[in-house]
Colleague: 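Right, I'll just put the structure down here and ask away after.
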Amino acid sequence: MASTPSVKKHMQSSDKTTSDHSKSPIVRPSIPEGKSMRTADELAQATEKISVTDLSFYYSENRALTDISLSIPERCVTAFIGPSGCGKSTFLRCFNRMNDMIEGTRVEGEILLEGQNIYSPRTDIVSLRKRIGMVFQKSTPFPKSIFDNVSFGPKIAGIRRKKDLFEIVERSLQRSALWDEVKDRLSESALNLSGGQQQRLCIARALANDPDILLMDEPASALDPASTARIEDLIFELKEQYTIVIVTHNMQQAARVSDQAAFFYQGLLVESGATEELFTNPRKQQTEDYITGRFG
Amino acid sequence: MEDRSNQEQSTKIEGGEAAVIQLSRVSSLEKAGGLWCSLRPFYEGCIHFMLFVCASISILVTVGIVVVLLYESVQFFYDVPILEFLTGTRWSPLLKPQHFGILPLLCGTMLVAGGSAIVAVPIGLGTAIYLSEYASPRFRDIVKPMLEILAGIPSVVFGYLAIVFVSPIIREIFPSAGVFNAASACIVVGIMILPMIISLSEDILQSVPLSLRAAAFALGANKFEVTVRVIVPAALSGIMASFLLAISRAIGETMAVTLAAGATPKLTLNPLESIQTMTAYIVQVSQGDTPTGTLEYRTIFAVGLALFITTMVMNVIAQYILSRVGERYE
């Protein structure tokens with residue numbers, strides 16, 4: 001299990017709900033015991049991991065994203081929220097250049113990962129994707145054994161020794177809280193796992209590449225409430241080591257797991273800020289309408 | 001009699017139309033009564049029966065063929081012990097002394113099937129992977145109709161090309177080869193089954209979900225690694241099934257091997273020699289002057305039965321594998 005020494009320090013701050021605001025909190029974050037959200041101060045102090053400047057994205061002629069600028073802090077959870085088709089998934093897929101797979105797409109503006117533009121022609125997409133892991137909405141285990149699924153990334157990275165691979169597999173599965181359930185059947189097909197287990201397997205598979213950033217595209221939307229809760233707990237564990245960006249339809253989930261939130265509407269970034277702030281005291285009317293469920 | 005029933009039918013149909021028109025115009029159910037209403041169950045019954053007859057024909061014909069094959073074969077096995085048939089290493093039913101060991105024919109068939117698989121499997125799989133993963137949509141639009149044309153070329157043309165075109169080249173390279181040789185048959189049959197392997201395998205590769213490709217790319221794999229480590233393994237059982245179906249087609253292939261491979265039943269694995277396949281033997285006897293009802297004549301039913309069982313087993317295995325592939329991604 002990931003050790004979380006810094007968690008205790010923030011304990012008190014999580015109770016600081018916003019009763020002094022005139023509006024009552026729309027969604028009250030319920031945070032697992034012993035875990036905490038980053039406070040606004042901590043967010044402000046956090047190192048900037050990814051910096052997006054004036055990013056526009058086009059599917060052939062259609063502009064899907066318009067002039068988006070956003071800073072993503074290190075070791076925090078950033079949630080993208082917004083109605084379907086607002087561009088939040090497209091934006092997420094810009095970070096590891098998954099949109100390159102689609103023909104006729106075009107990007108303007110820049111995304112800096114620790115100061116390096118990932119859209120520069122010199123960027124090696126393969127190593128970029130190894131640094132930025134991704135988990136999809138639909139769990140996508142390969143039709144291989146559990147072991148082969150998790151060791152896929154390290155294997156193509158050139159690690160051959162069985163012992164090294166086994167260590168990576170064990171560590172990744174432990175981090176994704178799946179080890180205890182599968183340690184006796186690593187050679188079984190991954191397709192035999194339940195939906196929630198498959199999704200945690202996909203998280204383990206992404207972690208096996210030892211990334212610094214984890215992109216999650218609605219990772220729990222196809223799961224039952226119990227599995228969703230496990231994934232959310234996992235996100236709390238993982239953010240101590242990884243920078244996490246999560247796209248979610250579920251407002252409660254965004255409020256529960258994220259430190260920073262960004263609201264998208266029709267390809268525009270309407271508002272972003274500390275999650276507590278955004279959910280309790282949104283600055284823009286559109287944001288408030290969306291999170292109170294008046295549209296979306 | 002037939003005319004009458006036709007007439008009856010056409011009046012029925014007219015009656016039906018009239019009834020529909022009436023219904024829509026007056027929108028009253030009672031007006032549509034009369035003769036048509038009382039004939040309708042009979043009419044529906046006729047349609048049902050005629051369609052049932054159509055469907056039954058294929059069953060009856062299949063059963064009939066199998067029964068004839070079995071009946072004639074059983075009579076053949078009264079005279080020739082089944083053990084001798086299956087294990088004998090010489091096949092000369094038309095010459096004295098007669099020998100009825102099917103192994104030379106089976107060996108010839110397998111030589112052609114195996115040889116054509118060696119030709120078709122690598123090229124077919126490579127083409128399927130290229131079309132599914134690498135080719136531009138425009139190139140695919142050119143290749144796909146080409147494959148259909150290739151699949152439409154009559155097998156007798158392939159046989160002829162084997163003799164006048166392929167065989168001389170082989171003899172140029174290997175002077176010991178005869179005019180009729182198994183190698184030229186292997187090559188043309190391989191080309192014949194190529195479209196089948198390509199189109200089936202490509203369908204299977206295309207059916208691997210896009211999400212699996214995306215997941216592999218997101219883990220930092222390049223295109224070749226995604227293809228070789230994820231897509232092809234995921235599609236492997238379906239690809240195997242396409243190979244089996246194609247090989248089963250090669251086993252049943254008749255005209256090209258009859259022309260190209262010769263008519264010398266021989267227990268050999270040397271592709272440069274002339275051989276005879278089961279199908280080619282059946283052609284030889286069927287068109288020859290072997291009197292019906294004799295033992296020589298019955299051999300073709302025994303050989304036909306053996307051929308039928310071989311291809312059926314392969315088809316059943318292939319269909320079983322294909323049906324399991326379908327389940328996986330649902």
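Chain identifiers are assigned alphabetically (A, B, ...) following the order of the sequence lines, protein sequences preceding nucleic acid strands; residue numbering begins at 1 within each chain.
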Colleague: Should we count CG of B:L269 as having more than 12 external heavy atoms under 6.0 Å?
Modeller: no
Colleague: Only counting residues at least two apart or in another chain, list the ones meeting side chain to side chain contact (heavy atoms under 4.5 Å, CB included) with A:S187.
Modeller: none
Colleague: Would you check, one step at a time, whether the test side chain to side chain contact (heavy atoms under 4.5 Å, CB included) holds for B:L219 with A:F142?
Modeller: CA-CA 12 Å; B:L219 288 167; A:F142 301 137; 4.1 Å; yes
Colleague: Once you round to the nearest 0.5 Å, how far does CD of B:E225 lie from NZ of A:K155?
Modeller: 12.5 Å
Colleague: Closest approach of A:M98 and B:A214, non-hydrogen atoms and distance?
Modeller: CE-O, 3.1 Å
Colleague: Is it the case that over 12 heavy atoms from other parts of the model lie below 6.0 angstrom from the CZ atom of B:F174?
Modeller: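 Result for CZ/B:F174: open.
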Colleague: Counting only non-hydrogen atoms closer than 4.5 Å, does A:P211 touch chain B with its backbone (N, CA, C, O), its side chain (CB onward), both, or neither?
Modeller: neither
Colleague: Can you confirm whether more than 12 heavy atoms, excluding those of B:R138, are under 6.0 Å from its CZ atom?
Modeller: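 No, not enclosed.
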Colleague: Count the heavy-atom pairs under 4.5 Å between each of A:D100, A:I132, A:T140 and chain B, then report the option with the highest count.
Modeller: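 That would be A:T140.
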Colleague: With a 4.5 angstrom heavy-atom cut-off, which part of A:F152 approaches chain B: side chain, backbone, both or neither?
Modeller: side chain
Colleague: Mind checking which of residues 110-131 of chain A sit less than 4.5 Å from chain B, heavy atom to heavy atom?
Modeller: A:V126, A:R129, A:K130
Colleague: With rounding to the nearest 0.5 angstrom, report the CZ to CG distance, B:R229 to A:D148.
Modeller: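 One gets 9.5 Å once the value is rounded to the nearest 0.5 Å.
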Colleague: Between A:R205, A:M134, A:Q137, which has the largest tally of heavy atom pairs under 4.5 Å with chain B?
Modeller: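 Heavy-atom pair counts peak at A:R205.
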